Student: 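Below is one structure. I have some questions about it.
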Amino acid sequence: FHYLLEHHADIRRQVTKTKSGVETLTESDNPEVAAKIQEHVSSMHKRIKEGRGLRFWDELFAAIFADYKKIEMTYEDTDKGVKVIETSKDPRMVTLIQAHADVVSLFVKHGFDEAHKNHPVPKSDKPQTDNLVFPIIQGQGGVVPRPTAVEQPRAGAKFLFDVTADSKPEEISKGLDRAARLLNLYGAAGLKASDVKIAIILHGDATKIALSHESYKTRFTVESNPNLTLIEKLRNSGVDVMVCGQALNTKGFTDPEVDPSVSIAASAMTAMSNKQQDGYSYVPIP
């Protein structure tokens with residue numbers, strides 16, 4: 001790093017900001033400097049994978065390494081340096097990655113004069129997700145703990161999610177996400193998945209959610225059904241996931257196309273009537 005700072009005038013750098021992070025190209029016509037650039041990037045890639053931070057006194061670097069697991073970094077050596085792609089699914093981390101890329105460009109421009117400075121964490125205009133927790137369903141349906149709020153989750157409650165909302169083939173259904181959020185609300189309140197009963201009935205435009213990976217791929221030209229992983233997590237937490245048998249027929253889907261993790265109900269109407277007679281609270285997801 002010190003070598004590169006000493007030779008910063010021999011380095012050129014190009015940064016392209018993307019929706020999920022940055023793509024950078026850092027090169028030099030000096031073969032020795034180019035080799036050092038490649039060596040440095042390789043070392044930084046290893047540090048990010050292992051979470052071994054540096055420049056702990058620099059606020060920006062400290063913030064990035066505090067959440068290093070949210071960073072995806074790949075790199076490729078070029079004839080004169082290296083191309084790097086850094087991305088994240090976390091909006092806040094995307095902001096930090098882009099700010100870090102700008103700071104590295106300042107290192108290239110000013111050398112040691114810039115390296116001696118602290119770089120504050122930028123404020124993001126994107127939604128903050130740092131305070132979300134996932135106590136029961138990991139990675140989906142995050143919630144904000146509200147231990148002092150009124151109307152806390154009660155053990156023994158029953159919910160019926162009537163899911164008809166459409167979703168893009170590559171996206172997870174908001175109805176399934178809502179069910180995951182309810183479970184996480186219970187977990188955030190110190191309760192268990194077994195303290196609440198949840199049933200989901202899929203019909204209308206949401207019928208396709210029930211298809212197996214193979215059928216989903218054939219019908220919607222995507223690699224897999226993005227909903228099945230979440231359905232499995234929900235089922236493992238005691239959630240009953242059903243699809244309307246009449247809607248399957250209406251939408252032109254056959255029973256063998258339905259994934260084994262989803263039960264086929266005679267109809268959505270009978271499922272909703274039966275569950276409400278059993279004491280389930282009706283929650284529409286149109």
Side-chain angles (χ1 to χ4, degrees), residues 1-134 138-140 142 144-145:
F1 180 59
H2 288 170
Y3 176 92
L4 293 174
L5 291 174
E6 291 173 358
H7 295 81
H8 70 95
D10 294 330
I11 302 172
R12 60 180 175 273
R13 180 171 165 82
Q14 176 183 325
V15 176
T16 302
K17 294 183 180 179
T18 66
K19 188 175 181 180
S20 58
V22 294
E23 297 180 6
T24 63
L25 180 64
T26 309
E27 295 184 315
S28 176
D29 293 326
N30 183 327
E32 187 174 304
V33 174
K36 288 293 184 181
I37 292 171
Q38 295 170 347
E39 180 183 340
H40 176 68
V41 170
S42 176
S43 175
M44 288 303 301
H45 180 255
K46 186 175 181 180
R47 279 184 172 273
I48 288 176
K49 288 181 65 176
E50 298 175 353
R52 295 188 295 110
L54 43 70
R55 290 177 64 88
F56 295 104
W57 53 269
D58 191 315
E59 295 175 38
L60 177 59
F61 282 75
I64 287 175
F65 278 100
D67 277 339
Y68 70 95
K69 291 182 179 180
K70 296 180 180 179
I71 301 174
E72 294 291 335
M73 176 182 175
T74 60
Y75 69 95
E76 177 185 354
D77 289 347
T78 65
D79 291 340
K80 296 184 177 182
V82 66
K83 177 181 179 180
V84 177
I85 298 177
E86 285 185 276
T87 61
S88 178
K89 296 178 181 179
D90 185 317
R92 175 177 176 273
M93 182 54 72
V94 171
T95 300
L96 296 182
I97 287 172
Q98 293 176 345
H100 172 263
D102 290 339
V103 169
V104 174
S105 294
L106 291 174
F107 289 162
V108 170
K109 185 175 181 179
H110 302 298
F112 282 106
D113 289 341
E114 188 67 36
H116 293 151
K117 297 179 181 179
N118 171 60
H119 301 90
V121 175
K123 293 182 179 180
S124 174
D125 57 357
K126 298 178 182 178
Q128 296 295 307
T129 59
D130 281 2
N131 54 349
L132 297 182
V133 298
F134 305 83
Q138 292 295 312
Q140 202 70 43
V144 178

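This one's a predicted model, so the numbers in the text were calculated from it and none came from an experiment. Positions are given from 1 along the sequence.
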Student: Rounded to the nearest 0.5 Å, what separation is found between the CZ atom of F65 and the CG atom of D58?
Tutor: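 Between atom CZ of F65 and atom CG of D58 there are 11.0 Å.
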Student: Where is the tightest heavy-atom contact between G81 and I37, given as atom of each residue plus distance?
Tutor: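 Between these two residues, the closest heavy atoms are CA-CG2, 4.5 Å.
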Student: Quick one: CD1 on I64 to CD1 on I48, what's the gap to the nearest 0.5 Å?
Tutor: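 Taking CD1 in I64 and CD1 in I48, the distance rounds to 7.5 Å.
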Student: Could you label the plane-to-plane angle of the F61 and F107 rings as parallel, tilted or perpendicular, counting under 30° as parallel and over 60° as perpendicular?
Tutor: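 The rings of F61 and F107 lie parallel, inter-plane angle below 30°.
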Student: Considering non-hydrogen atoms only, spot the tightest contact between E59 and N118 and give its length.
Tutor: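 Looking at all heavy atoms of both residues, the closest pair is N-OD1, 2.8 Å.
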Student: Could you pull out the closest heavy-atom pair between P120 and L60, with the gap in Å?
Tutor: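 Heavy atoms only, the tightest pair is O-CB, 4.3 Å.
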Student: Just do the side-chain contact (heavy atoms from CB on, under 4.5 Å) check on E86 and H100 with the steps written out, would you?
Tutor: CA-CA 10 Å; E86 285 185 276; H100 172 263; 4.3 Å; yes
Student: With distance as the sole test, does S88 use its side chain to make a donor-acceptor pair with the main-chain N or O of K70 at under 3.5 Å?
Tutor: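 Yes; at least one donor-acceptor contact below 3.5 Å.
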Student: Measuring only between side-chain heavy atoms, which start at C-beta, is V41 closer than 4.5 Å to M73?
Tutor: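 Sidechains of M73 and V41: in contact.
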Student: Any sub-3.5 Å donor-acceptor pair from S28's side-chain atoms to D10's backbone N or O?
Tutor: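 Yes, because the side chain of S28 sits within donor-acceptor range (under 3.5 Å) of the backbone of D10.
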Student: If the threshold is 4.0 Å, N to carboxylate O, is there a salt bridge linking K17 and D102?
Tutor: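 Looking at K17 and D102, the cut-off is met.
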Student: Just wondering, are more than 12 heavy atoms of other shown residues or ligands nearer than 6.0 Å to CD in E32?
Tutor: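 It does not: E32 CD has 12 such atoms or fewer within range.
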Student: Can you see which heavy atom on A62 is nearest to which on F56, and at what distance?
Tutor: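 Here A62 and F56 meet closest at CB-O, 3.9 Å.
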Student: Between G21 and Q98, which heavy-atom pair has the shortest distance, and what is it?
Tutor: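 Residues G21 and Q98, closest heavy atoms: O-NE2, 3.1 Å.
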Student: Within this structure, what is the CD1-NE2 distance for the pair I71 and H45, rounded to the nearest 0.5 Å?
Tutor: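 Answer rounded to 0.5 Å: 10.5 Å.
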Student: Could you check whether any side-chain heavy atom of T16 comes within less than 4.5 Å of a side-chain heavy atom of V22, counting everything from C-beta outward?
Tutor: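 When only atoms from C-beta onward are counted, V22 and T16 do not touch, as no gap falls below 4.5 Å.
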Student: Out of curiosity, Q38 CD to K83 NZ, how far, rounded to the nearest 0.5 Å?
Tutor: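 Atom-to-atom, Q38:CD and K83:NZ are 14.5 Å apart.
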Student: Is the shortest side-chain heavy-atom distance between I97 and S20 below 4.5 Å?
Tutor: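 No, their side chains stay 4.5 Å or more apart.
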Student: Could you check if a side-chain atom of K117 sits within less than 4.5 angstrom of a side-chain atom of H110, using non-hydrogen atoms only?
Tutor: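 With C-beta onward as the side chain, the pair stays apart.
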Student: Roughly how far apart are K80 NZ and N30 CG, rounded to 0.5 Å?
Tutor: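 Going from NZ on K80 over to CG on N30, the span is 11.0 Å.
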Student: For the atom pair CZ (F1) and CZ (R55), what is the distance rounded to the nearest 0.5 Å?
Tutor: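 If we round to the nearest 0.5 Å, F1:CZ and R55:CZ are 5.5 Å apart.
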Student: Please confirm whether the backbone N or O of R52 pairs with a side-chain atom of R47, one donor and one acceptor, at under 3.5 Å?
Tutor: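 Such a contact is found between R47 side chain and R52 backbone.
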Student: Contact between H119 and E114 at the side-chain level, heavy atoms closer than 4.5 Å - yes or no?
Tutor: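 Yes, side chains in contact.
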Student: Would a 4.5 Å heavy-atom cut-off, applied to side chains only, mark E6 and F112 as touching?
Tutor: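 Answer yes - side chains close enough.
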Student: Quick one, I11 and V33 - any side-chain contact, counting heavy atoms below 4.5 Å?
Tutor: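 Side-chain contact under 4.5 Å: yes.
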Student: Would you indicate whether the side-chain heavy atoms of M44 and L54 approach each other to under 4.5 Å?
Tutor: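 The answer is yes; the side chains approach within 4.5 Å.
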Student: Check whether R12 reaches the backbone of E27 with its side chain - one donor and one acceptor, N or O, closer than 3.5 Å.
Tutor: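 No, R12 side chain to E27 backbone: no donor-acceptor pair under 3.5 Å.
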